[in-house]
Every structure is written in C-alpha cells, then in structure tokens.
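This is the structure I want to talk about, given as structure tokens.
Letters A, B, ... are given to chains in the order of the sequence lines, protein chains preceding strands, and every chain is numbered from 1.
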There are 2 protein chains.
Amino acid sequence: MADGPTITTIAERAGVSIASVSRVLNGLPTRQETVRKVMAAADELGYVRNAVARSLKSRRTHQVAFAMADIGNPAYLAMLREIQPVLKAAGYRLVLHSTDAVAADEIDVLHSLGERYVDGLIMSPLRVTEAHLRMLAAARAPVVIIGSVPEGTRVDNVRADSRTGVRLAIDHLYALGRRRIGMVNGPLDTVPGAARGAAYREALEAVGLPYDERMVEIGDFYREEGRRAVAALLRRVPDIDALMCANDLIALGALDVLRAAGKRVPQDVAVVGMDDTDLAAASWPSLTSVSLGSAERGKAAAELLLDRLRNGDREPRLVTVLPRLVVRASTAGEASEGGRSS
Amino acid sequence: MADGPTITTIAERAGVSIASVSRVLNGLPTRQETVRKVMAAADELGYVRNAVARSLKSRRTHQVAFAMADIGNPAYLAMLREIQPVLKAAGYRLVLHSTDAVAADEIDVLHSLGERYVDGLIMSPLRVTEAHLRMLAAARAPVVIIGSVPEGTRVDNVRADSRTGVRLAIDHLYALGRRRIGMVNGPLDTVPGAARGAAYREALEAVGLPYDERMVEIGDFYREEGRRAVAALLRRVPDIDALMCANDLIALGALDVLRAAGKRVPQDVAVVGMDDTDLAAASWPSLTSVSLGSAERGKAAAELLLDRLRNGDREPRLVTVLPRLVVRASTAGEASEGGRSS
DNA sequence: TTGTAGGCGTTATCAC
DNA sequence: GTGATAACGCCTACAA
C-alpha cells in the first residue's frame with residue numbers, strides 16, 4: 001500500500017510536464033507521441049486520479065447525501081432503492097445519513113453541507129422546525145426535502161398525500177359494502193398519526209358514515225402494539241367489519257388477532273394497511289395497502305436534485321406523489337394470490 | 001448561495017494570519033485575544049471548514065464505502081443497518097455502492113479506491129474472481145470482505161457459515177420426523193448457491209438420509225422462481241414432507257404453491273427459509289428460517305475496518321458468524337404465533 | 001504543442 | 001505566539 005503515483009510521478013517517467021499529463025488524462029489535444037508516452041507511464045504505474053484533489057480544484061465532489069430519520073424503516077429504504085440508481089447513472093456517489101429521528105442531527109447534516117463534501121442533499125425530516133427552515137435558507141448547496149414544508153419555503157419539495165390515501169382506502173371499503181369501519185392509528189402527536197387520524201374522520205364523512213370514536217383505537221406503529229389495539233377494538237365492537245390500519249405493521253398485528261379470534265379475512269373483517277411495504281405482499285392473506293409512493297418520492301427527489309445541480313437558478317419546484325391503493329387478498333381477492341415477489 | 005468564507009477571509013477580517021486562524025480552529029495554543037478575534041470573525045461569517053481541502057492535506061476523508069450486490073436485498077440492508085451506526089459513532093460517513101451483481105462494477109469499486117475518496121471499503125461480492133483477488137492485493141485502502149475468500153488471501157474477512165446453517169435446518173427437520181426433505185436452491189454458480197447445495201447433501205448424509213437428486217430443484221433467489229421450482233419439485237415427488245429453501249423469498253414462493261396445492265404447512269410439508277429476513281416473521285404461517293447473521297456480519301465488518309484504519313499493520317483477521325435456526329410456525333409451532341414484529 | 005506558474009483551502013514547518 | 005511559506009494533487013491560463 002505504498003503511496004500512489006501522481007501526475008508528477010507520471011510526468012517524470014514520461015519525460016514531459018505535469019501539464020501535458022493532465023491534458024492527456026483529460027483528452028485535450030496533444031501530440032500522439034506524448035499521448036503514447038503518458039498513457040504508457042500511467043499504465044505501468046497503475047495511476048488513478050485523486051478525487052479529492054480534483055474536487056478541491058473543480059469545486060464539485062460528485063457526491064450527494066441522503067438523510068433520513070431511521071435507516072431501519074422500510075419506507076426510507078424504498079426511497080433509498082430508487083435514489084441510488086438515479087444518482088449512480090448520473091455519476092454521483094451516495095452518502096448516507098441516518099439521523100435517528102433526532103432533530104439536532106438533521107440540523108447537523110444541514111450545517112455540514114457547508115463542508116462541501118457533497119454537491120447536494122436529499123432530506124426527509126420527521127418534522128420541519130424553525131431551525132430547519134433557517135438552515136435551509138442559508139444552505140450552501142442544493143437541498144430537496146421529502147415531506148411537507150410550510151407554504152412559501154423556497155426549496156425543492158416532494159410530498160406524499162396521506163389524506164387522499166386514507167380516502168382511497170375508506171372509499172374502497174365502503175364500495176365493498178363495509179359500514180362498520182374502524183381505525184387503528186399510531187400516536188396522534190406524530191405527523192403521520194395526526195394526518196391519518198384526521199383523514200379517517202374526513203373520509204367517513206365524505207361517504208356519509210358517522211364518525212364514532214369508539215371505532216378508533218390508538219396504539220403505536222408496531223405489530224405488537226397493533227395486536228393490542230385491535231384486540232381492544234374487537235372487544236369493544238365485536239361486529240366491526242373493516243379495519244383501516246395506519247401502517248402495515250399494525251395491519252399485520254390485526255391479521256394475527258383476527259385469526260386468533262376466528263374471524264375470517266376478508267369475509268368477516270377486511271383489513272387495509274398503509275405504506276405498501278414488502279411485508280404487505282409477504283403476509284397471508286396478502287395485505288391490501290395504501291402506497292404513499294415511497295419509491296416514487298425517492299425517485300422524484302433524486303431527479304429534482306440532479307436537475308437543480310445542472311440548473312441552479314430555476315424556481316423551486318413542488319412534486320406531489322399521488323397515493324395508490326394496492327388491492328390484495330385482505331379486502332377483496334381470492335385467498336390464493338401471493339402478491340408480487342420483490 | 002454565495003461563495004463561502006475561507007480561513008483567508010477570516011484572517012483578513014480578524015487582522016491576523018491564516019496560520020493563526022488555523023491554529024485557533026484546531027485548538028492549538030494561542031493567545032486569548034487572538035482566539036477571540038478569530039472566533040468572532042468566523043461566527044459572523046458563518047465559516048465552515050472545507051472538508052475537501054482538509055482531506056487533500058490530511059489524506060483522510062473520514063468516509064467509508066459499503067459495496068453490495070443488490071440494494072433491494074434485505075440481507076444487505078440488514079448489514080447496512082448495523083454498519084451505519086458503527087461508522088457514524090466513529091466519525092465516518094458512509095458511501096453506498098450497489099453493484100447490481102455485476103462483477104465489473106465490483107472491480108470498478110475496488111479500482112476507484114485509488115481515487116482516495118474513501119479511507120476504506122466494506123464489500124460483499126457475489127463471487128470472488130481472479131480479478132477481484134488481484135485488485136484486492138493491489139488495493140490502495142483497507143478492505144473488508146463479507147463472504148468467503150480463498151484460503152490465504154490477505155484481507156480482513158467476515159464469513160457466514162451457511163454449511164452449518166443448512167445442517168441446523170436439516171437436523172431440525174429430521175428431529176421432527178421428516179424423511180423426504182427436498183431442497184430448492186438458487187443458481188449453483190453463485191457462492192451461496194454452491195455452498196448451500198453442497199451443505200444440503202452433506203447434512204443429509206450426516207443424519208443418514210440418502211441424497212437423491214430428484215429431490216433437488218434449482219431456480220433463482222426470488223419468490224416467483226421459487227414458486228416455479230417448488231411446483232416442479234412437487235410434481236416430481238408428490239409425497240415430499242419438507243422443503244429446505246435457499247432463501248426466504250424462495251420459501252415464500254413455496255408457501256404459495258403448497259397452499260394452492262392443498263398441502264398444509266407444517267402438517268403435510270414443513271418449510272424452512274434462509275436469511276431470516278423480516279419477511280419470515282411477516283408471512284403466514286410464519287417461516288422458520290436459518291439466520292446467517294447478516295446484522296452481526298455487518299457489524300463485525302465495520303468494526304474490523306475501523307480497527308484496521310487505526311492499526312494498518314496488523315495481520316488480516318477472519319471472523320466467522322455462527323448461524324442460528326429461528327423456529328417459527330412453518331415447521332413446528334402452533335399456527336397462531338405471529339413472530340417478532342420488527 | 002508544451003512547459004511554467006498560480007491557485008483551490010488547509011495544515012504544518014519554520015523562523016521571528 | 002505569530003506570520004510567511006511550502007506542501008497536498010490537480011487543473012488551467014498564459015507564455016514560449
């Protein structure tokens with residue numbers, strides 16, 4: 001692991017100046033003979049360009065960062081899977097940050113943009129605070145935010161629409177003849193919890209069903225919590241005929257409990273999850289789920305950023321990704337369809 | 001987004017030399033008055049160190065790369081989830097590469113180490129070719145390989161033991177009284193495919209069961225391929241009573257086909273998957289799976305690399321992570337256990 | 001066509 | 001203590 005050769009090493013070996021070496025390496029017009037000598041020397045020495053030195057000079061790192069709250073969350077991983085190839089195709093490396101849902105860490109990432117180790121940033125913050133907005137305004141490199149930002153914030157922005165998502169699910173259940181549709185939600189003090197809870201109420205009213213708080217149970221966004229919540233709900237409303245779950249894990253918990261209680265899914269109780277993670281297709285019965293377009297949002301964010309990197313001056317853009325109801329066996333289909341295989 | 005301030009800007013503003021600025025910024029002994037002036041200037045200007053210039057000078061980037069075959073594969077994501085926090089805690093950024101299982105891309109990543117944009121690399125190659133070994137030997141930065149490398153290769157190495165893993169599964173099935181245990185494998189020219197195939201044969205012999213190639217079907221490591229393979233196997237050997245699947249996706253495919261064929265799992269056919277991904281706990285019935293310790297391997301690799309970055313001269317080390325059989329409903333339990341909820 | 005020289009932003013080694 | 005000044009490796013006027 002000796003020190004690598006530099007253009008100086010090559011220049012000496014080839015008997016030319018470092019300027020000529022640089023020219024050859026960059027394909028600028030050079031005499032054939034010189035090209036030959038330089039290439040030969042470079043080959044023999046196993047020369048590789050030093051990316052750091054190039055970056056210092058060119059002020060571009062060909063790196064882009066993606067900062068997310070929690071690397072264990074499948075929704076972020078879905079984004080990541082789409083972001084990666086888009087960046088790779090454009091010649092950018094991906095630097096990953098998991099902020100563990102700590103707002104201070106998110107601010108740190110924003111701050112570290114000033115270090116110029118990346119050309120841009122895609123960030124999906126859990127909440128957008130005043131501090132976020134201040135840092136964003138002062139950011140030294142282009143940023144794309146996945147998630148909602150206040151009206152008027154001058155930043156490229158990609159959003160989901162969980163309100164419409166819940167609406168799709170409720171409409172679907174209503175169309176199937178379900179009239180006692182319960183909701184199992186996560187904590188109301190989280191952004192998704194609050195949004196989905198409100199959307200449920202709205203959607204019920206839209207189809208003309210009464211909102212009844214006895215039909216709502218709050219737990220947390222995990223399977224075990226989902227079990228508990230659904231068990232409680234089932235005790236309270238034994239003849240419930242559909243469950244709108246605030247994410248797929250809760251919905252899996254619902255399947256567990258319903259099965260144990262001898263309820264058939266979907267005949268007795270239809271179940272809808274949210275996020276359309278891989279787990280939805282893996283479960284049995286496979287889970288109808290509202291896709292909030294994690295993959296699409298990731299892709300859109302990557303494309304927005306690349307575009308911005310090419311044209312730094314254009315107006316900030318807003319992309320809203322439409323939710324999509326992915327119908328599987330837990331609400332409708334035959335119980336023999338296994339779902340997609342990713 | 002104007003050009004950021006540099007130490008020169010600060011030096012002018014504070015009326016000192018750039019050397020003093022650098023000293024203050026790095027906490028070297030300096031007169032109080034100077035410290036004060038420099039800090040004030042830095043604050044007012046919103047100065048942030050340029051990481052690229054630092055790297056050029058210090059020859060360290062504080063970045064580490066993780067290269068995996070397929071960012072969509074949950075086993076790699078499990079590694080990633082462990083690698084990230086370990087590196088973060090040590091002050092390193094994580095650069096992600098997905099090579100799409102293209103050997104040339106892996107070689108590229110190895111080659112690009114020469115560009116010095118990272119201090120080290122963790123790589124999990126699908127196959128280790130001669131070219132890989134040559135590049136490894138010539139690598140300009142420390143590398144840790146996750147996966148088997150030929151005896152004597154001088155590189156830090158973390159391995160799973162899929163042979164013992166398969167053995168655990170077969171022993172388990174045998175202990176349950178299964179005697180017609182089939183195998184559904186992926187391509188034999190992949191490292192895992194070859195290893196798992198050979199291990200199956202060995203394990204059968206170890207418990208005294210005959211190896212019968214009619215009981216083996218080769219597909220690929222995906223659910224749909226798993227379905228096809230299992231369907232073929234079932235046609236050929238209708239009274240098969242257990243299936244050893246080379247990964248969880250194949251096993252999910254097996255569950256689909258068995259269900260459609262009216263076979264009960266586990267009563268008629270027991271099913272074992274491999275990798276113990278989140279999908280195993282989500283499926284119904286939940287899937288017994290051999291954990292090859294993806295998470296542990298990721299963590300071990302990150303720690304090996306950090307250690308090597310501190311002490312570049314020590315002997316290469318080999319860490320072998322032991323497999324673990326995670327028993328769930330598809331081989332043994334009641335059909336009411338839902339599994340862990342992560 | 002080629003070489004000399006300056007600069008990208010830091011750090012570190014000198015004298016002072 | 002502090003300030004010139006020389007690297008780090010590369011690119012690029014500008015001059016020859």
Q. Taking atom types as they are modelled, is there a donor-acceptor pair under 3.5 Å from the base of C/dG3 to the side chain of A/R23?
A. yes
So, using side chain to side chain donor-acceptor pair (under 3.5 Å) as the criterion, who are the partners of A/R13 when residues are at least two apart?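 Counting only residues at least two positions away or on another chain, A/R13 forms a side chain to side chain donor-acceptor pair (under 3.5 Å) with A/E44.
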Pairs under 3.5 Å (N/O, protein and nucleotides 7-10 of chain D):
from   : atom 1 : to    : atom 2 : distance (Å)
D/dA7  : N3     : B/K57 : NZ     : 3.0
D/dG9  : OP1    : B/R59 : NH2    : 2.7
D/dC10 : OP1    : A/Y47 : OH     : 2.4
D/dC10 : OP1    : A/N50 : N      : 3.3
D/dC10 : OP2    : A/I7  : N      : 2.7

Q.
The criterion is ring pair (Phe, Tyr, Trp, His ring centres under 6.0 Å); which residues satisfy it with A/H132, sequence neighbours excluded?
A.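 So A/H132 forms no ring pair (Phe, Tyr, Trp, His ring centres under 6.0 Å) with any residue.
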Here the distance between atom P of D/dG3 and atom CG of B/L28, to the nearest Å, is 14 Å
Checking all strands, does A/V16 fall into the base, sugar-phosphate, or nothing category for heavy-atom contacts under 4.0 angstrom?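 Answer is sugar-phosphate: A/V16 comes under 4.0 Å of backbone atoms only.
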- Message: Assess whether a salt bridge exists between B/E315 and B/R154, defined as any Lys/Arg side-chain N lying under 4.0 Å from an Asp/Glu carboxylate O.
- Response: yes
If each end axis of the helix from C/dT1-D/dA16 to C/dC16-D/dG1 is fitted on five C1' pair positions, the angle between them, to 10 degrees, is 50°
*Given atom CD1 of B/I10 and atom P of D/dT2, what is their separation to the nearest angstrom?*
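Answer to the nearest Å: 16 Å.
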message: Donor-acceptor pair, distance only, cut-off 3.5 Å: does the side chain of B/N157 make one with the backbone of B/G147?
response: yes
Contact check, residues 32-44 of chain B vs DNA chain D, heavy-atom distance under 4.0 Å, returns B/T34
| request: May I ask you to decide whether B/K299 forms a salt bridge with B/E296, counting only side-chain N to carboxylate O separations under 4.0 Å? | output: no
Determine the minimum heavy-atom distance between A/I10 and A/V38, stating which atoms define it.
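So the minimum-distance heavy-atom pair works out to CG2-O, 4.0 Å.
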Residues at least two apart in sequence or cross-chain that pass ring pair (Phe, Tyr, Trp, His ring centres under 6.0 Å) with B/Y92, listed by chain then number, are B/H62
Q. For B/G72, does its backbone N or O pair with a side-chain atom of B/D70 as donor and acceptor, under 3.5 Å?
A. yes
- [ ] Look at the side-chain N and O atoms of B/S17 and state whether any lies under 4.0 Å from the OP1 or OP2 oxygen of D/dA4.
- [x]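 Answer no for this pair, as no side-chain N or O of B/S17 is under 4.0 Å from OP1 or OP2.
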Test item: side-chain donor near acceptor, A/R59 and B/N50, under 3.5 Å:
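On atom types as modelled, these side chains do not qualify, holding no pair under 3.5 Å.
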Interatomic distance, CG@A/D156 vs CD1@A/I146, rounded to 0.5 Å, equals 11.5 Å
For A/L292 and A/V321, the nearest pair of non-hydrogen atoms, with its separation, is O-CG1, 4.2 Å
